[in-house]
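Numbering of residues begins at 1 and proceeds along the displayed sequence.
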Amino acid sequence: GKSHMEWIKPYRQKINDLDDQIIDLLVERTKVIREVGHIKADKDIPAVIPERVEEVRERNAKRAEEQGLDPELIRELYTRLIDYSCNLEDDIKRAKAKEDIFG
């Protein structure tokens with residue numbers, strides 16, 4: 001008969017494929033964040049808008065919960081993701097400010 005590892009192999013492949021898609025989507029999401037960062041820098045809009053942070057996190061937590069996924073996990077993930085996004089926007093803003101001064 002098949003060994004345990006052989007039974008698990010196709011599932012591992014499925015998980016790898018899904019992980020690849022997750023990373024690809026995070027890359028796409030980050031590209032959009034960068035674009036927004038540049039627009040915010042040009043128009044002097046603050047990088048962090050607390051109501052929007054809350055809205056993004058809760059929208060995704062709710063959507064997860066509706067589909068039987070732990071909303072706390074999603075809240076934690078999005079807290080990290082949003083932190084990263086805000087820092088990215090801040091960096092873009094700082095770089096633009098430098099350009100404006102020294103450019």
Side-chain angles (χ1 to χ4, degrees):
K2 275 190 177 184
S3 74
H4 290 318
M5 294 318 289
E6 278 179 274
W7 285 114
I8 287 172
K9 228 180 187 169
Y11 294 98
R12 285 195 169 163
Q13 191 51 59
K14 257 185 197 167
I15 290 169
N16 286 348
D17 291 345
L18 289 165
D19 284 338
D20 288 347
Q21 289 178 54
I22 290 169
I23 298 302
D24 291 347
L25 288 169
L26 287 173
V27 168
E28 282 302 307
R29 189 183 196 280
T30 304
K31 284 180 189 165
V32 177
I33 303 284
R34 281 182 193 281
E35 280 178 42
V36 170
H38 286 288
I39 292 165
K40 283 183 176 177
D42 286 337
K43 305 201 178 311
D44 210 33
I45 302 165
V48 183
I49 303 166
E51 310 83 79
R52 176 63 183 156
V53 169
E54 186 67 11
E55 178 198 332
V56 170
R57 197 173 39 224
E58 289 313 306
R59 177 185 165 274
N60 289 295
K62 182 175 181 282
R63 191 156 179 252
E65 194 166 26
E66 284 165 0
Q67 299 186 65
L69 198 58
D70 178 5
E72 259 328 292
L73 169 69
I74 299 306
R75 271 190 199 100
E76 280 178 40
L77 274 174
Y78 271 87
T79 297
R80 286 287 297 118
L81 206 50
I82 292 164
D83 262 0
Y84 171 78
S85 302
C86 291
N87 289 334
L88 198 56
E89 286 184 15
D90 274 337
D91 290 346
I92 290 167
K93 224 175 168 161
R94 268 197 298 275
K96 255 209 154 75
K98 249 193 201 143
E99 272 170 36
D100 291 345
I101 299 164
F102 304 111

May I have the list of side-chain donor-acceptor pairs in residues 6-13 shorter than 3.5 Å, sequence neighbours left out?
{"residue": "E6", "atom": "OE1", "partner": "S3", "partner atom": "N", "Å": "3.4"}
{"residue": "Q13", "atom": "NE2", "partner": "D17", "partner atom": "OD1", "Å": "3.0"}

Please report, to 0.1 Å, the donor-acceptor pairs under 3.5 Å made by any side chain of residues 91-103, with sequence neighbours excluded.
{"residue": "D91", "atom": "OD1", "partner": "R94", "partner atom": "NH2", "Å": "2.8"}
{"residue": "K93", "atom": "NZ", "partner": "I45", "partner atom": "O", "Å": "2.6"}
{"residue": "K96", "atom": "NZ", "partner": "H38", "partner atom": "ND1", "Å": "3.3"}

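In terms of heavy atoms, A47 sits closest to K40 at O-NZ, 2.9 Å.
A continuous path of Ile, Leu, Val, Met, Phe, Trp and Tyr side chains, each step under 4.5 Å between heavy atoms, connects L73 with Y78, placing both in one hydrophobic cluster. Side-chain heavy atoms closer than 4.5 Å link hydrophobic residues (I, L, V, M, F, W, Y) into clusters, and following such links, even through other members, never connects L77 to L88. Note on I49: it does not cluster hydrophobically with I39, by side-chain heavy-atom contacts below 4.5 Å among ILVMFWY residues. Under the 4.5 Å side-chain contact rule for hydrophobic residues, I82 and Y84 do not share a cluster.
Qualifying salt bridge (charged side-chain N to carboxylate O under 4.0 Å, His left out) partners for E65, counting only residues two or more places apart in sequence or in other chains: none. Not counting sequence neighbours, the partners of D83 by the side chain to side chain contact (heavy atoms under 4.5 Å, CB included) test are R80. With sequence neighbours excluded, the residues that form a side chain to side chain contact (heavy atoms under 4.5 Å, CB included) with I22 are D19, L26. A search for side chain to side chain donor-acceptor pair (under 3.5 Å) contacts involving T30 returns nothing, not counting sequence neighbours. Residues that satisfy the salt bridge (charged side-chain N to carboxylate O under 4.0 Å, His left out) test with R52, not counting sequence neighbours, are E55. Looking at residues two or more places apart in sequence or on another chain, you find a side chain to side chain donor-acceptor pair (under 3.5 Å) between E66 and K62. Residues that satisfy the side chain to side chain contact (heavy atoms under 4.5 Å, CB included) test with E76, not counting sequence neighbours, are absent from this structure.
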* To do: Assess whether side chain to side chain contact (heavy atoms under 4.5 Å, CB included) is satisfied between D70 and I74, documenting all intermediate values.
  => CA-CA 7 Å; D70 178 5; I74 299 306; over 6 Å; no

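Applying the salt bridge (Lys or Arg N to Asp or Glu O under 4.0 Å) definition to pairs two or more places apart or across chains, those involving residues 28-39 are E28-K31.
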